[in-house]
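Computed from a predicted model, the values in this text were never measured in an experiment. Below, chains carry the letters A, B, ... as their sequence lines are ordered, and counting in each starts from 1.
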Amino acid sequence: MELVLSAEDEAFRQEVRAFIRDKLDPETKRKVELGYPLDKNDYVQWHKRMFEQGWAAPNWPVEYGGPGWTPIQRHIYDEELALGSTPRVIPFGVSMVAPVIYTFGSAEQKAKYLPRILSFDDWWCQGYSEPGSGSDLSSLRTKAVRDGDHYIVNGQKTWTTLAQYADMIFCLVRTDDSGKQQEGISFLLIDMKTPGISVTPIETIDGDVEINSVFFEDVRVPVENLVGEEGKGWTYAKFLLGHERTGIAAVGRSKRQLARLKTIAEHEVNGDITLAEDTDFQERVSQVEIELFALEAMVIGALEGEARGNPPGPEASILKIKGVEVQQAITELAVEAVGNHAHAFAPDTWDIHANEPGIGPDYAATAAPIYFNWRKASIYGGSNEIQREIIAKRVLGL
Amino acid sequence: MELVLSAEDEAFRQEVRAFIRDKLDPETKRKVELGYPLDKNDYVQWHKRMFEQGWAAPNWPVEYGGPGWTPIQRHIYDEELALGSTPRVIPFGVSMVAPVIYTFGSAEQKAKYLPRILSFDDWWCQGYSEPGSGSDLSSLRTKAVRDGDHYIVNGQKTWTTLAQYADMIFCLVRTDDSGKQQEGISFLLIDMKTPGISVTPIETIDGDVEINSVFFEDVRVPVENLVGEEGKGWTYAKFLLGHERTGIAAVGRSKRQLARLKTIAEHEVNGDITLAEDTDFQERVSQVEIELFALEAMVIGALEGEARGNPPGPEASILKIKGVEVQQAITELAVEAVGNHAHAFAPDTWDIHANEPGIGPDYAATAAPIYFNWRKASIYGGSNEIQREIIAKRVLGL
Amino acid sequence: MSVWLTDEQQLIKDSAERLVQNDYTIEARQKLIDSEEGFSRENWATFAELGWLGLPFKEEHGGFGGTGVDMAVLMEALGKGLVVEPFASSVILAGTALDLAGGPLAERLLPEMIAGERLLAFAHSEPKSRFNLNDVAVTAATDGDGFKINGQKMLVYHGGSADSLIVSARTSGAQRDRDGITLFVLDRAAEGVSVRGHQTVDGLRAAEVTFTDVRVGADAILGVKDKGLSIIEAVVDRACVFFAAEASGAMEQAVALTVDYTKERKQFGRPLSSFQALQHKMADMYSAHQFSRALTYRAAALLDDCSPAERAEAAAAVKVKCGQSAKLVGEEAIQLHGGMGMTADMPIGHYFKRLTMINALFGNAQYHLKRYTAMKSE
Amino acid sequence: MSVWLTDEQQLIKDSAERLVQNDYTIEARQKLIDSEEGFSRENWATFAELGWLGLPFKEEHGGFGGTGVDMAVLMEALGKGLVVEPFASSVILAGTALDLAGGPLAERLLPEMIAGERLLAFAHSEPKSRFNLNDVAVTAATDGDGFKINGQKMLVYHGGSADSLIVSARTSGAQRDRDGITLFVLDRAAEGVSVRGHQTVDGLRAAEVTFTDVRVGADAILGVKDKGLSIIEAVVDRACVFFAAEASGAMEQAVALTVDYTKERKQFGRPLSSFQALQHKMADMYSAHQFSRALTYRAAALLDDCSPAERAEAAAAVKVKCGQSAKLVGEEAIQLHGGMGMTADMPIGHYFKRLTMINALFGNAQYHLKRYTAMKSE
């Protein structure tokens, strides 16, 4: 049930495909295919290739360096990036802080930060969550107190993905305690090299150390790093949440993972047949595939709406829920597919240059850790429960 | 995975089985097997047979006419009644009002009502639900105002099963408006022939007219028909809800329905094979069967606990939920099993003496209506949501 | 969020929704169900006037050449009102068979049907065929220049009211061979045709039709002798998508009725709609409907130009998603309506029943998941 | 509500729960995981002292003749602490194989194992065997009076620490024949045995074991030549039930941790535990655990006296119910812990991982649903 594209869009797809084929480092590609951890250089190099191509910021207005694509083209691009096993786009700069900067930032901020985001000279991370906040984001307690032409920031952010690589962090901080919880929050851009910032990795249940706590102890941030108005940070955060709603469905990524799952099934033997010939297993794959078709149909509809000037509203929450359900279902089927090979845990061998071979087939090595890791997807970015709240309250009016 | 019974219990099972084989009217049995509606006489005749055997009230103390069985024997009896395709026991007298009467009633009430319940000379129905109450039962508004040695009852009960056959109704009525909602409720026994009572059938979505609205207009009820104390009705109602918690799981009934489903599957052809040979379908049957084993294991455990003086508390709510899930799953599989034969609706032919043959095989005639009808099971007797509330609040302490 | 209509489609939608809103209260519908034929001839004439009966057909057959999406739009709107008129039997099933087969029978009968002057029915399912479209035991034995038809069909929608029946019969081969199935057009009143009409659990009419030595000429053949199966498969695949569109309308209404009911109904001093556990269930109902709808429209768009294999795959996918969504929405709608939802007077039960039977029709979600999987692994 | 213990069983339960409570904090456990062998020899000695290592075995083999329910009680208690000692490999897998086969090897080795002086491992799964117990490609070719073993085993729990390995090998027939599989007892240190130990995702140790021309005498045969499968099947069926008991303990703990966490954690000014949608999820977790537990104990009681067919059916049923419950409880527990649940420092993730892998072990719920169905339709 493939999408029917216009000849123009189909040509665009081929162009993107050729670009990836020509420019993606084969070792990086192999790591992505196998679900092995990437190092910083894998990300940076690929981002720079996209930048050189002029394709680093599909979502940006042309004036700041966006390529001027239609929503469908952006979807095709995202999908091809995923299908082509490229490193995931680190969203914190290009997709998250940049729209806030070019919409609410000063001319100086635009001039200073946007080009370096585009070229990936700065790696950004996100300072939203705090211990104790979680889904109730606006209860955050990191404080920024004005002291002359600086803010003095104290507090702790957590769940900060890849902060260990970051040059910059954008933070929600509390500049006023007196009013309602959502009021008194401000949006600050902070250089990670500022004295008083320390980063501590948090080990997750899959054994990974991708997320961090970021501590702020009397960190002096120049007032020109305040975005927009003091006390309006919550507005910008909400704007950001509403941005690029369709991307969260991760259709392309799921397509690649589903294709990979099918490959695994062809290699796994079950008695006289392969798992690819096992009707029972394949029915579960079919179920996910059908969900994915439905998800894609919904995403395309939303993009068409966007092109017509009707971007999706709170109802896009169902894209997040379904997108995550599909992603998690695939990780679960992968664990099932690899059978007894799911048990071994040998992270030293998750490296294409490892000294020792892996335990069991390479496609099986990270199946269980990825399943464990992916449970996060229904928690972060507004948990499934929060998304249901949004639908109940803002779509159904309950 | 059959239960292992003691030789004594096994002998008891055989005795029950022989009794049913000898005493159950074959036409009644056939109707039950086919899911056809029963008439009043089917019920009355069977109840009287059980009475003649001394087995009409397994749950009663011996002094009032109970047989003095162990909890396991009661379970075996219930199961054999179900497996033997006997008419369901009308619970309102023997299982519901009787325990209230022998626990809280006066000597006169015991003497007057219990023998007639036992012999099924009185058919009882239940006056609990009202339009507007539902899960929030204690919000009931039917009023009983004291007038000399009578109460004058005004109001409406609804969802009253088989009220059209009933000689007596037990009612929760409001005798006091001033306090908390649960206070001021009293428990009245009312003769259905009293002037001012009228019964109106309610058609349900399966086309059936088994439930009714019962209207009370200045109905005079002698004060000696008040059970226990005025204003304590809610306590008795709760006592009743806690009574016979294990029976609601309906293990025996589900076993019979599952066996019937397997028979249907043997008769339904799907290409070269029967549905009984269709792995896909059979896996769904297996899933239900395994749930049923787990349910039975839990029920047996609860009965053992009862025999040890530890009757189940609020955690028995999971028996209701799971019991209903199993029952509903079986009705759904029956709809699937009969395939295209599920569509026809010809209630005139649901009669073993009907003039016209049914549309399609007899086992298919009521599959869809029974599925529709059985949706009620997760609503009445405390909806699944209410049961989850009980577990959350009273078992998990949330 | 997912479906954007053309102006013409919006017109179809508006006019159908208006009709449904004006004429299809549950009470009005129940009166039709209880009537002799189980539907309104007057409504049928209106459908004809509005051009709906010719919507999907080629212009050469008197139709308007509407697209798959046009049809989905119409069916979705009709689904909102649980319309009981024989639209599916005359247009989607029998009409499509005529249109696809073409030839003199189509040229004669379709314009009459489109004008509202002839009702059609599609007699294919048999008591033992289950959902296997190639399982045909009704025989059409050669008999002089023509054929002699014997056997029984079941679940012939509106067979009791139809003027003409499209009947599949085996002209050669064994009971489950793909070749050897031929479509015939018969008068319902023909000698040897015995029709036993009945209600369906979801408020429609259908019939058991028995053929006893029914003689027809070779000119009663629709399409090509022995090659009827490809038309039958096309008819049923398309019907699966359009019934899913009907289900989408019914689901939309079921969600709306449930939201409204829970807002009104108070328990424990608060509206039901304020209970979080119920709110989340309604969010899931909403989501199930939305995704089923999106997939259905995607498949409907595909119907206009695709291979039989693509069509079959799309139809199976839609049946899976629609069936599962219909079950979830229908069952939860009843549950959230509580005891009231079980009563025939409330609209919701009727939506639930129709949704249940749309899932069951031509095989339920599980059946089509298996079918889809088999197709993918070929 | 569903399980009533004898006094002896209550004693087992109390002592095991006490040990778990005192010695098995997540930090303490993590230290064991990070240690050389991945478990504590000291704990192991304690297990021996407490008589646990001999619990299920016949008295003639030095055991205590405990029942299936006795074992379930012990495993459930150990499951509460996610105990990492090689109890399953030495007692439930290899030990049971010895006990069931009997003979001089059992008489010699079991008492040593029971005394805590010999660790055992069960080497049966192979890289290509998946969950098919009769799929054995490792060969034991006749070699003079004895045999020469070649091939590879995988997921040999605690193979790196074991003194003796119980190894299945093919002495005749084709790779998937039911006949022709023979069990051998080997020294781990025997020439040609190469063991590559590794961690598992759920905190245990296992090994790949490769056999290169490993020579053994006929006295290394455990049980009857060519007839090893019936023992292997008995071992694995019993293990399925006992792992389900372990899962029951882990689920009980996961439910309790989740209830506690949501009571503490505040969001939007209220404890998480006050949100109805989350309350109902916890009710479902509670229910899933309870039913899985009830079925597990029922099956454990059956193990003492049943036919191989009954045993297999019960084990498959338990795997289905336990696997589905473990998945629900584990996943929801993480979800309700939110971001905190994803961190390795919180206990809950470790329960989730163990529950996930117990489901996967010997085939997940879906696999056993299929197996159960196949057995029922034979």
Please say whether more than 12 non-hydrogen atoms of neighbouring residues, nucleotides or ligands are located less than 6.0 Å from [atom1] in [X].
{"X": "D/Q21", "atom1": "CD", "answer": "no"}
{"X": "D/D14", "atom1": "CG", "answer": "yes"}
{"X": "B/K255", "atom1": "NZ", "answer": "yes"}
{"X": "B/E8", "atom1": "CD", "answer": "no"}

Proximity breakdown for [X] and chain D, heavy-atom pairs closer than 4.5 Å:
{"X": "B/N310", "value": "both"}
{"X": "B/V395", "value": "side chain"}
{"X": "B/I300", "value": "neither"}
{"X": "B/E277", "value": "neither"}

Top contributor to chain D interface from B/E296, B/Q287, B/K393 [non-hydrogen pairs under 4.5 Å]
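Among the listed options, the one with the most contacts to chain D is B/Q287.
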Between atom [atom1] of [X] and atom [atom2] of [Y], what is the distance when rounded to the nearest 0.5 Å?
{"X": "B/S286", "Y": "D/M375", "atom1": "OG", "atom2": "CE", "answer": "9.0 Å"}
{"X": "D/H289", "Y": "B/I318", "atom1": "NE2", "atom2": "CD1", "answer": "10.0 Å"}
{"X": "B/M298", "Y": "D/S287", "atom1": "CE", "atom2": "OG", "answer": "6.5 Å"}
{"X": "B/L295", "Y": "D/S2", "atom1": "CG", "atom2": "OG", "answer": "11.5 Å"}
{"X": "B/L398", "Y": "D/S274", "atom1": "CG", "atom2": "OG", "answer": "9.5 Å"}

Run the salt-bridge test on B/E283 and D/K370 with the 4.0 Å N-O cut-off and return the result as yes or no.
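So B/E283 does not pair with D/K370 through a salt bridge.
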Of the listed residues ([options]), which shares the most heavy-atom pairs with chain B below a 4.5 Å separation?
{"options": "D/T262, D/V318, D/L369, D/L272", "value": "D/L369"}
{"options": "D/Q324, D/R311, D/Q366, D/R293", "value": "D/Q324"}
{"options": "D/S377, D/A283, D/A299", "value": "D/A283"}

Heavy-atom check, side chain of [X] versus side chain of [Y], under 4.5 Å:
{"X": "B/E291", "Y": "D/F291", "result": "no"}
{"X": "B/E289", "Y": "D/Y372", "result": "yes"}
{"X": "D/Q290", "Y": "B/E315", "result": "no"}

Residue pair [X] / [Y]: nearest heavy atoms and the distance that separates them:
{"X": "D/A294", "Y": "B/A294", "answer": "CB-O, 4.1 Å"}
{"X": "D/V259", "Y": "B/L396", "answer": "CG1-O, 3.6 Å"}
{"X": "B/I290", "Y": "D/A317", "answer": "CG2-O, 3.6 Å"}
{"X": "D/W4", "Y": "B/E304", "answer": "CD1-OE1, 3.7 Å"}

D/Q276 versus B/E385, side-chain donor and acceptor atoms under 3.5 Å
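No, D/Q276 and B/E385 have no side-chain donor paired with an acceptor closer than 3.5 Å.
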Under the side chain to side chain contact (heavy atoms under 4.5 Å, CB included) criterion, do D/Q279 and B/R388 qualify, and how do the steps go?
CA-CA 8 Å; D/Q279 291 176 347; B/R388 287 191 174 86; over 6 Å; no
